[in-house]
Amino acid sequence: QVQLVESGGGLVQPGGSLRLSCAASGSIFKILAMSWYRQAPGKRRELVATITMTGSTNYADSVKGRFTISRDNAKNTVFLQMNTLKPEDTAVYYCNGENELAHLTYWGQGTQVTVSS
């Protein structure tokens, strides 16, 4: 089994930056496709960014050019660098891991990101 723990959230001004981290337990991190999701009050949870086990990435249109997802397999950690933050980025950000071979999905508990003056 895999446990995911997010960190790095907080309060930031519009135009500022934050770097989220997601630390994974277990020895199968390297084969997981990792994603960041976010959910704001009254809105559905949305996919923000994905990085596959081979390193290919995808981003939601709303964050393209501003956010960067990366992973460090030696440290069992995935990151989300968030730049030029906007108030609409305010949400709880969740780390997600997918083991397609075993048909298993893992979720972290989330970290709050608030973008406000």
Side-chain angles (χ1 to χ4, degrees):
Q1 60 185 45
V2 176
Q3 288 81 48
L4 305 175
V5 180
E6 303 95 334
S7 62
L11 175 64
V12 65
Q13 297 183 60
S17 298
L18 284 174
R19 190 190 193 207
L20 305 183
S21 298
C22 173
S25 66
S27 61
I28 63 169
F29 176 82
K30 66 179 181 180
I31 72 169
L32 302 179
M34 301 299 301
S35 297
W36 288 96
Y37 287 75
R38 67 186 182 187
Q39 187 167 26
K43 300 181 66 177
R44 66 196 305 268
R45 187 172 297 186
E46 65 173 336
L47 177 62
V48 176
T50 296
I51 184 165
T52 70
M53 61 180 292
T54 59
S56 63
T57 59
N58 282 287
Y59 298 92
D61 288 343
S62 59
V63 307
K64 285 181 180 176
R66 300 189 298 122
F67 291 10
T68 303
I69 188 170
S70 61
R71 66 194 297 164
D72 185 340
N73 287 340
K75 297 181 178 180
N76 278 18
T77 304
V78 64
F79 305 95
L80 186 68
Q81 179 66 47
M82 309 165 66
N83 298 327
T84 319
L85 283 161
K86 305 174 180 179
E88 68 184 69
D89 296 318
T90 296
V92 177
Y93 283 71
Y94 297 92
C95 184
N96 166 273
E98 293 280 347
N99 184 339
E100 294 185 356
L101 182 61
H103 213 74
L104 294 174
T105 302
Y106 309 97
W107 289 96
Q109 294 302 115
T111 185
Q112 177 71 48
V113 172
T114 303
V115 184
S116 176
S117 298

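This is a predicted model, so every value here is computed, not measured.
Leu20 and Gly9 get closest at one heavy-atom pair: CD2-N, 3.6 Å. Of all heavy-atom pairs between Gly26 and Asn76, the closest is O-ND2, 2.8 Å. Across all their heavy atoms, Arg66 and Leu85 have their closest contact at NH1-CA, 3.9 Å. Scanning all heavy atoms of the two residues, the minimum distance from Thr77 to Ala23 falls at OG1-CA, 4.3 Å.
Of the possible donor and acceptor atoms, none in the side chain of Thr57 sits under 3.5 Å from a partner among the backbone N and O of Ile51. Counting only distance, with no hydrogens or angles, the side chain of Asn96 and the backbone of Thr105 share no donor-acceptor pair below 3.5 Å. With hydrogens and angles disregarded, a donor-acceptor distance shorter than 3.5 Å links the side chain of Tyr59 to the backbone of Ile69. In this structure a side-chain-to-backbone donor-acceptor pair under 3.5 Å is missing from Gln39 to Ala91. Without hydrogens or angle criteria, Arg71 side chain to Thr52 main chain gives a donor-acceptor distance under 3.5 Å.
Linking ILVMFWY side-chain heavy atoms closer than 4.5 Å, directly or via other members, places Met53 and Trp36 in a single hydrophobic cluster. Tyr94 and Leu80 are members of different hydrophobic clusters when ILVMFWY side chains are connected at heavy-atom separations under 4.5 Å. In terms of hydrophobic clustering, with Ile, Leu, Val, Met, Phe, Trp and Tyr side chains grouped at heavy-atom distances under 4.5 Å, Val5 and Met34 are assigned to different clusters. Linking ILVMFWY side-chain heavy atoms closer than 4.5 Å, directly or via other members, places Tyr106 and Tyr37 in two distinct hydrophobic clusters. When the side chains of ILVMFWY residues are joined at heavy-atom separations under 4.5 Å, either directly or via intervening members, Leu4 and Leu18 end up in a single hydrophobic cluster.
More than 12 heavy atoms of other residues, nucleotides or ligands lie within 6.0 Å of CD in Gln3, so this atom counts as buried by the packing criterion. Within 6.0 Å of atom CD in Glu46, more than 12 heavy atoms from other residues, nucleotides or ligands are found, so the atom counts as buried in its surroundings. Around the CD atom of Gln112, the shell of radius 6.0 Å holds more than 12 heavy atoms that belong to other residues, nucleotides or ligands.
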Q: Check step by step if side chain to side chain contact (heavy atoms under 4.5 Å, CB included) holds for Arg38 and Val63.
A: CA-CA 12 Å; Arg38 67 186 182 187; Val63 307; 4.0 Å; yes

Q: Please lay out, stage by stage, how Lys86 and Asp89 fare under the test salt bridge (charged side-chain N to carboxylate O under 4.0 Å, His left out).
A: CA-CA 5 Å; Lys86 305 174 180 179; Asp89 296 318; over 6 Å; no

Q: Assess whether side chain to side chain contact (heavy atoms under 4.5 Å, CB included) is satisfied between Val2 and Phe29, documenting all intermediate values.
A: CA-CA 8 Å; Val2 176; Phe29 176 82; over 6 Å; no

Q: Apply side-chain hydrogen bond (donor to acceptor under 3.5 Å, both in side chains) to Gln81 and Thr68, showing your working.
A: CA-CA 5 Å; Gln81 179 66 47; Thr68 303; over 6 Å; no

Q: Begin from the C-alpha positions of Thr90 and Ser116 and carry the test side chain to side chain contact (heavy atoms under 4.5 Å, CB included) through to its verdict.
A: CA-CA 8 Å; Thr90 296; Ser116 176; 5.9 Å; no

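Counting only N and O atoms by type, the side chains of Glu6 and Thr111 include no donor and acceptor under 3.5 Å apart.
Residues Ile31 and Leu101 are not in side-chain contact: their nearest non-hydrogen atoms beyond the backbone lie 4.5 Å or more apart.
Ring orientation note: the planes of Tyr93 and Phe67 are tilted relative to one another, at an angle of 30° to 60°.
For Lys43, there are no salt bridge (charged side-chain N to carboxylate O under 4.0 Å, His left out) partners at least two apart in sequence or on another chain.
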